[in-house]
Amino acid sequence: MISIDIPANKKVYFASDQHLGAPTREKSFPREKKFLQWLNEIEKDAEAIFLLGDLFDFWFEYKTVVPKGFVRVLGKLAQLSDDGIPIYFFVGNHDLWMNDYFKTELNIPVFHEPQEFKINDKLFLVGHGDGLGPHDLGYKRMKKVFTFPLFKWMFKWLHPDLGVRLGQYMSVKNKMISGDEDFKFLGEEKEWLVQYCKRKLETKHYDYFVFGHRHLPLDIQLNDTSKYFNLGDWVQYFTYGILENSDFTLHKYD
């Protein structure tokens with residue numbers, strides 16, 4: 001478990017699902033600038049920043065090559081990290097092939113599974129949210145294939161120009177950014193991340209569950225002392241979370 005103490009004049013920020021590069025690099029550039037502007041604004045009082053996956057719509061790290069583009073955001077993250085603001089990055093289903101580039105070049109730790117954090121007096125479970133809970137069986141099978149060592153080894157032997165283009169094509173065509181169903185609240189019984197959180201509470205108390213992936217901003221009271229938040233996205237909603245004085249709230253960047 002990682003512990004973070006927040007001074008009285010500081011905040012912890014959470015954001016997810018920027019999907020930079022989708023549906024094309026040109027069309028996503030305004031969203032990239034908007035996200036960069038948000039990073040510029042929060043650095044004055046950020047004690048830590050959590051990025052909960054799918055920052056990029058596709059990402060694959062070859063041994064000596066990373067995808068072209070996104071230099072403004074990467075440079076800003078490097079500057080924030082160099083200035084002493086901890087950044088915690090969680091791999092999503094679009095950037096699940098991330099290895100050590102962020103850790104080596106930006107000094108940003110990368111997590112592939114949900115992690116516990118103790119922030120002031122509150123216990124968090126934080127992750128991207130893909131493949132958790134009941135159902136979502138199709139994605140769970142797909143993830144096993146995509147993370148299978150032999151498949152990754154075979155993919156890396158594609159020339160980067162071909163591999164990245166193929167990955168970007170598959171990402172957009174499979175509608176993994178968000179379909180129309182992602183913009184509808186299904187009810188607690190059909191929201192599988194809500195069910196996942198409730199099952200976790202059967203064995204351990206958490207004050208806050210914070211996830212991405214769903215693309216829909218959600219604030220759900222699980223019991224008298226626990227809440228589940230979904231951060232929404234930076235494709236349609238431009239929403240993010242703030243922890244201040246042990247209280248977690250969702251906000252829209254406008």
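What you see below is based on every heavy atom in this structure, not just the backbone, and it leaves out hydrogens, waters and symmetry mates. These numbers come from a predicted model, not from an experiment.
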Within 6.0 Å of NZ in Lys27, more than 12 heavy atoms from elsewhere:
no
Are side-chain N/O atoms of Tyr228 and Glu191 paired as donor and acceptor at under 3.5 Å?
no
Ion pair check, Glu116 and Lys204, cut-off under 4.0 Å
yes
Is it true that Lys11 and Asp45 make a salt bridge, defined as a side-chain N closer than 4.0 Å to a carboxylate O?
yes
Below 4.0 angstrom, N of the basic side chain to O of the carboxylate: do Lys10 and Glu244 qualify?
no
Please tell me whether His112 and His128 form a close aromatic pair, meaning their ring centres lie under 6.0 Å apart.
no
Do Asn93 and His213 get their side chains close enough for a donor-acceptor pair, meaning under 3.5 Å?
yes
Establish, yes or no, whether the cationic atom of Arg25 lies under 6.0 Å from the six-membered ring centre of Phe70 and within 45° of the ring axis.
yes
Could you tell me whether Lys34 sits above the aromatic face of Phe238, with NZ or CZ closer than 6.0 angstrom to the six-membered ring centre and within 45 degrees of the axis?
yes
Considering all heavy atoms, the nearest Pro217-Thr239 contact:
CG-OG1, 3.6 Å
salt_bridge(Lys227, Asp207) N-O dist < 4.0 Å
no
No-hydrogen, no-angle side-chain donor-acceptor test under 3.5 Å, Gln79 and Glu43
yes
